[in-house]
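Predicted model only: the values in this text are computed from it and were never measured.
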Amino acid sequence: MATLQEEISRRRTFAIISHPDAGKTTLTEKFLLYGGAIAQAGEVKGKRERAAKSDWMEIEKQRGISVTSSVMQFQHGGYCINILDTPGHQDFSEDTYRTLMAADSAVMVIDGAKGVEPQTRKLFKVCALRNIPIFTFINKMDRETRDPLELCEEVERELGIDTYPVNWPIGCGKEFAGVYDRDKRCILHFTDAGHAKKAGITEIELDDPALVDLIGQARRDTLADEVELLGAGRDFDLDAVRHGKLSTVFFGSALTNFGVEPFLNAFLEMTTPPLPRVSDAGEVDVYSPEFSAFVFKIQANMNKNHRDRIAFMRICSGQFTAGMEVYHVQGGKSLKLSQPQQMMAQERHIVDEAYAGDIIGVFDPGIFSIGDTLTTAKPFQFEGIPTFAPEHFARVRQIDTMKRKQFVKGVTQIAQEGAIQIFQEYNMGMEEVIVGVVGVLQFDVLKYRLENEYNVEIRMDNLPYEHIRWIENEEIDMDKLVGTSDMKKIQDLKGRPLLLFVNSWSVGMVLDRNEGLVLSEFGRE
């Protein structure tokens with residue numbers, strides 16, 4: 001029977017980040033394939049019978065993009081691996097930021113033809129804030145790509161992190177034959193076994209005469225020169241990798257499976273077991289026997305048959321056992337976590353136990369919020385998860401007035417998931433609401449989900465506002481506030497007053513006209 005320390009030490013929890021279409025979900029699939037969690041992979045793009053395992057929402061399957069973060073667990077080589085697949089699309093970056101709070105390291109997928117793209121930069125910054133280790137997988141080597149050295153230099157220049165290529169590609173496009181493993185000092189030559197099955201690997205030394213028959217004399221000579229050049233570069237430093245100062249770089253093709261298994265094995269050896277978390281009572285020891293966790297995501301209606309709502313939590317210390325009683329710090333009471341489950345995207349199974357590093361989903365009757373702490377220890381709170389100021393606003397109302405109850409329930413639940421923020425007109429009810437989102441595509445998801453999950457058709461009118469400010473003053477008479485012609489008074493669901501502005505100069509104007517007024521750009525949870 002494994003001890004608590006042994007179980008926690010074999011956990012590896014990481015998020016996969018990338019710009020849309022760099023092959024992130026495909027790579028996730030292939031990890032599951034090598035971990036034995038699935039028998040064959042379904043390419044995300046394909047309108048084939050196999051949609052990707054990790055894209056579960058209907059809208060994701062239609063558009064071929066990930067719009068919610070999926071959570072998957074599998075076993076491989078003695079490790080228990082939790083993968084968090086995040087949305088690459090910038091309109092859903094808020095979900096990604098929250099997911100990164102639950103990860104101990106990140107795999108950054110880069111398209112070999114395009115290099116570092118805007119969304120990669122944005123997500124990298126979040127990882128850098130937490131100093132979590134970042135492992136780079138340069139994907140799509142089965143297509144024509146840019147020079148590998150140039151790609152490594154771009155990562156260093158654009159993202160400000162040192163790189164160390166763990167392996168080096170031999171050719172690209174149709175010529176992509178394998179990689180040179182710098183640690184083993186040998187070539188891993190790949191043979192195609194079809195995209196949905198594992199790739200065959202032949203190991204061969206650089207000075208083995210048989211290598212010329214495999215890859216040709218010219219390519220063998222080029223490789224020998226490149227290997228010599230790499231030897232003159234920086235040395236490998238595992239400590240720097242684990243502190244987010246050095247990113248190891250791997251080359252491969254998730255689609256053809258070339259280079260996926262060597263990457264997975266090396267990654268698992270280099271990355272850390274679960275890391276301690278910061279709370280208002282200091283750092284929480286991962287190996288403490290006391291259970292603690294925080295909620296980083298809430299998802300309603302994952303299962304259409306059950307109309308349920310799941311709160312995803314990252315376990316930060318100790319062991320979870322089914323039916324155990326925990327204290328919900330923000331709710332101020334003890335409760336039993338019911339129906340604890342682990343996910344393979346939409347498919348789920350009930351768990352009897354889970355350990356620090358694991359992600360579990362529990363049934364949420366509407367009591368949890370993002371950032372909540374649960375523990376069996378003396379109450380404390382993990383540091384909060386920031387909410388982002390919405391940049392796009394629309395007035396939303398239900399078309400059929402008889403469906404008001406479903407409308408209010410739908411928008412409230414979707415808001416509690418953190419996908420949208422909802423506000424009311426100052427001194428008005430919920431007949432119509434103002435919805436704020438970080439990216440406009442979230443409006444599409446809102447409309448789609450209200451129609452499909454709550455059976456409510458809505459009308460949406462875009463509003464011209466781009467800036468939102470929370471009013472910090474405790475005592476404020478909103479009626480006496482002197483505004484500008486393009487300012488709107490609103491309130492959130494907790495009745496806190498806010499102001500919307502069309503442009504930023506109006507913010508300064510309102511501050512000038514109302515002495516002592518204090519405005520803030522961020523909401524407090």
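In this structure, a donor-acceptor pair under 3.5 Å is absent between the side chains of Asn455 and Glu451. Using a 3.5 Å distance cut-off with no hydrogens or angles, the side chains of Asn462 and His392 do not pair a donor with an acceptor. Side-chain atoms of Ser247 and Thr163 include no donor-acceptor pair closer than 3.5 Å. Checking Tyr454 against Gln413 by side-chain atom types alone, a donor-acceptor pair falls below 3.5 Å.
Under the rule for a side chain to side chain donor-acceptor pair (under 3.5 Å), the partners of Ser9 that lie at least two apart in sequence or sit in another chain are Tyr287. In terms of the salt bridge (Lys or Arg N to Asp or Glu O under 4.0 Å) criterion, residue partners of Arg277 (sequence neighbours excluded) are, by chain and number, Asp104. Scanning for side chain to side chain contact (heavy atoms under 4.5 Å, CB included) contacts around Asp364 gives Ile298, Arg309, Ala311, Ile367, Phe368, with sequence neighbours left out. By the side chain to side chain contact (heavy atoms under 4.5 Å, CB included) test, Glu153 is found to be paired with Leu149, residues two or more places apart in sequence or in another chain being considered. With sequence neighbours excluded, no residue forms a ring-ring contact (aromatic ring centres under 6.0 Å, His included) with Phe393. Annotation: ring-ring contact (aromatic ring centres under 6.0 Å, His included) contacts of Tyr164 (sequence neighbours excluded): Phe236. Qualifying ring-ring contact (aromatic ring centres under 6.0 Å, His included) partners for Phe135, counting only residues two or more places apart in sequence or in other chains: Phe267. Partners of Ser317 according to the side chain to side chain donor-acceptor pair (under 3.5 Å) rule, which considers only residues two or more places apart in sequence or in another chain, are Ser292. Residues that satisfy the salt bridge (Lys or Arg N to Asp or Glu O under 4.0 Å) test with Arg10, not counting sequence neighbours, are Glu7. Residues meeting the side chain to side chain contact (heavy atoms under 4.5 Å, CB included) test with Asp162, sequence neighbours left out: Arg234, Leu246.
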Applying side chain to side chain donor-acceptor pair (under 3.5 Å), run through Asn265 and Glu269 and close with a yes or a no. CA-CA 7 Å; Asn265 293 336; Glu269 281 172 28; over 6 Å; no

Test salt bridge (charged side-chain N to carboxylate O under 4.0 Å, His left out) on Arg146 and Glu154; report intermediate values, then the result. CA-CA 11 Å; Arg146 288 164 52 188; Glu154 185 175 65; 3.3 Å; yes

Go through the steps to decide whether Leu223 and Ile187 satisfy the test side chain to side chain contact (heavy atoms under 4.5 Å, CB included), and finish with yes or no. CA-CA 10 Å; Leu223 179 64; Ile187 281 114; 3.8 Å; yes

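Pairing each heavy atom of Glu226 with each of Pro169, the nearest pair is OE1-O, 4.4 Å. Counting all heavy atoms, side chain and backbone alike, Arg220 lies closest to Asp207 at NH2-CA, 4.3 Å. Pairing each heavy atom of Glu144 with each of Cys172, the nearest pair is OE1-SG, 3.7 Å.
The aromatic rings of Phe176 and Phe258 lie tilted to each other, with the angle between the two planes from 30° to 60°. Taking the six-membered ring for Trp and thresholds of 30 and 60 degrees, Phe294 and Phe296 have ring planes more than 60 degrees apart, a perpendicular arrangement.
Looking at Asp208, its side chain never comes within 3.5 Å of a backbone N or O of Ile204 through a donor-acceptor pair. Side chain of Asp358 to backbone of Tyr355: a donor-acceptor contact under 3.5 angstrom is found.
Val284 has its side chain out of reach of Pro276: every pair of non-hydrogen atoms, C-beta onward, lies at least 4.5 Å apart. Using a 4.5 Å cut-off on side-chain heavy atoms (C-beta onward), Ile161 and Phe124 make contact. Here the side chains of Thr13 and Leu84 are in contact, with some heavy-atom distance below 4.5 Å. Contact of the Ser369 side chain with the Val295 side chain is not registered, since no non-hydrogen atoms from C-beta on lie closer than 4.5 Å. Contact annotation: the side chain of Leu264 approaches that of Leu268 to within less than 4.5 Å [non-hydrogen atoms, C-beta and beyond]. The shortest side-chain heavy-atom distance between Ile414 and Leu450 falls under the 4.5 Å cut-off. Inter-residue side-chain proximity for Ile81 and Gln73 is flagged as unmet; no heavy-atom pair is nearer than 4.5 Å. Counting heavy atoms from C-beta on, the side chains of Val116 and Ile110 come closer than 4.5 Å.
For Glu228, the CD atom counts as loosely surrounded, since its 6.0 Å shell holds 12 or fewer non-hydrogen atoms of other residues, nucleotides or ligands.
The existence of a salt bridge linking Arg219 and Glu175 is confirmed by a sub-4.0 Å separation between a basic side-chain nitrogen and an acidic carboxylate oxygen. Remark: Glu261 does not engage Lys30 in a salt bridge, criterion side-chain N to carboxylate O under 4.0 Å.
Screening residues 107-121 for salt bridge (Lys or Arg N to Asp or Glu O under 4.0 Å), with sequence neighbours left out, gives Asp111-Lys140, Arg121-Glu158. Applying the salt bridge (Lys or Arg N to Asp or Glu O under 4.0 Å) test to pairs two or more places apart or on separate chains, those with a residue in residues 178-188 are Lys184-Glu203.
For the atom pair Phe263 CZ and Asn139 CG, the distance stands at 10.0 Å (nearest 0.5 Å).
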